[in-house]
Protein chains: 2
Amino acid sequence: MTKNIAETGVARPGQDAVSVVAQGIPTMNEIIGYKLRRAQLFVFQDFIESFSKMKLRPAEFSVLALIARTPGQKQTEIAGQLGIKRANFVALMDGLERRGLAERRKAVGDKRSHSLHLTPEGVRFAQKMSAVWAAHEQRLVDRLGGPEARDTLLALLDRILDLKET
Amino acid sequence: MTKNIAETGVARPGQDAVSVVAQGIPTMNEIIGYKLRRAQLFVFQDFIESFSKMKLRPAEFSVLALIARTPGQKQTEIAGQLGIKRANFVALMDGLERRGLAERRKAVGDKRSHSLHLTPEGVRFAQKMSAVWAAHEQRLVDRLGGPEARDTLLALLDRILDLKET
DNA sequence: TATTGTTATACTCTATAACTATA
DNA sequence: TATAGTTATAGAGTATAACAATA
């Protein structure tokens, strides 16, 4: 048997040769972080295109979804759940308020904090947004090969996220 | 039976109540893109901490890995494989060259292009880098629950990435 | 003293346009 | 005319420090 090119270490530049230098060096295909990153970019790309008409970015979507499901939470609480720094949350919330989708209300007990709510228009917007999201999500489920595959993926991602600190 | 709080629509702010407004609005837990993003950030966080001593960022790691495995490729080829715009690749490559890890050589046929190679120091660096990466990757595999779970995850991420255009 | 929201600011990543030298 | 590399620049997203009002 003749040695294959990887074993000889003879690299032909620009072709599918593998250098002898490559001992122990991973292929991009086996790097979890890399695959995760590329997949995330792909999904966000589809998301952004899906919402280009509504002019809604992923962070804004998640803020509206969180307020819709649990109105009255403080800025710090919403920001915290999403991993957004409270300083950066201000401009984000300003945008939603300027568009008339959400609003800050003076919290009853604590005069420092604001409680966040959707406006009536924001409620209607959130419904439409959810329909657009459902179509986007369905495209992903189709790519994955069905709901079971999606559940498996979500469970695996949870394993990475759970515990947080070992 | 008494109606639960979701059915009454009476939301108690800041608690685990679910507003009646929430009809059809997804939980963050069921959003593929969101989970993917959080998991990717977590993995990159671990990666960045793992390489803080070597002062190596994810993009630099992948460029070195690609050059190590297939020396002699042009800048545009390496950048293209990683989804990096060739304009942004310049500064990245400048950094690796300044540190003496990789170098641009005049391509033989085409005087416009550079062929990329590791320096001898770059080869040694890539070996150390791969060992650090392996430890990082092993941490992830442990979290996932073993090599089979990792393989499943990578296969699912490939389903999202494959085809690219429907 | 500590916390909530806020402003200002800086740094990284990414995207686009335009230039040069070659092809 | 097109391509490889480059420069300049602008826009997101994210991180930190410091401040005012309130706890």
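A, B, ... follow the sequence lines: proteins, then strands. Residue 1 opens every chain.
Rounded to whole angstrom, the span from the CD1 atom of B:I78 across to the C1' atom of D:dA4 amounts to 14 Å. Counting to the nearest Å, the P atom of C:dA15 and the CG atom of B:L82 are 14 Å from each other. One interatomic measurement links the two molecules: CG of A:L92 to C1' of D:dT14, which rounds to 12 Å at whole-angstrom precision. Here D:dT14 presents its P atom at 10 Å from NZ of A:K85, a figure rounded to the nearest Å. Rounded to whole angstrom, the span from the CZ atom of B:F89 across to the C1' atom of C:dC13 amounts to 15 Å. In this entry the distance linking CD of A:Q40 with P of D:dG13 reads 12 Å, nearest Å. Rounded to a whole Å, the CD atom of A:Q45 is 15 Å from the C1' atom of C:dC13. The nearest whole Å value for the distance from the CD atom in A:Q73 to the P atom in C:dT4 is 13 Å.
Checking C:dT4, D:dA4, C:dT16 against the side-chain heavy atoms of A:R86 singles out C:dT4 as nearest. When the nucleotides C:dA15, C:dT4, D:dG5 are ranked by their closest atom to the side chain of B:V90, D:dG5 comes out on top. Proximity note for A:K74 (side chain, C-beta onward) versus D:dT16, C:dT4, D:dA4: the nearest is C:dT4. Comparing D:dG5, C:dG5, C:dT14 against the side chain of B:N88 picks out C:dT14 as the nearest.
Map B:S115 and A:R57 each onto its nearest nucleotide of DNA chain D; the residue landing nearer the 5' end is B:S115. Map A:M93 and B:I84 each onto its nearest nucleotide of DNA chain C; the residue landing nearer the 5' end is A:M93. With the nearest nucleotide of DNA chain D identified for both B:R104 and A:D110, B:R104 has the one nearer the 5' end. Along DNA chain C, the nucleotide nearest B:P58 and the nucleotide nearest A:H114 are compared for position; the residue whose nucleotide lies closer to the 5' end is A:H114.
Residue B:A107 is classed as having no contact, given no heavy-atom separation below 4.0 Å to the nucleic acid. If you check every strand for non-hydrogen atoms under 4.0 Å, A:A59 touches nothing. B:G80 comes within 4.0 angstrom of nothing in the nucleic acid, heavy atoms only.
One finds a side-chain N or O of A:T76 lying less than 4.0 angstrom from the OP1 or OP2 phosphate oxygen of C:dG5. In this model, the phosphate group of D:dT14 is approached by a side-chain N or O of B:R37 to a distance below 4.0 Å at OP1 or OP2. Taking 4.0 angstrom as the limit, B:K111 places none of its side-chain polar atoms (N or O) nearer than this to OP1 or OP2 of D:dA4.
For the pair B:E121 and B:R124, the salt-bridge criterion is not met [side-chain N within less than 4.0 Å of a carboxylate O]. Under 4.0 Å is where a charged nitrogen must lie from a carboxylate oxygen, and between B:R105 and B:E103 at least one such pair does. Residues B:R143 and A:D158 are not paired through a salt bridge, judged by the lack of any N-O separation under 4.0 Å between the basic side chain and the carboxylate.
When all heavy atoms are compared, the tightest approach of B:A59 to B:L92 is CB-CD1, 3.8 Å.
For B:R112 and D:dG5, a side-chain-to-base donor-acceptor distance below 3.5 Å is absent, hydrogens and geometry of angles not being considered.
Side-chain contact check for A:L156 versus A:I160: every heavy-atom pair is 4.5 Å or farther apart.
Aromatic pair A:Y34/B:F61: centroids not less than 6.0 angstrom apart.
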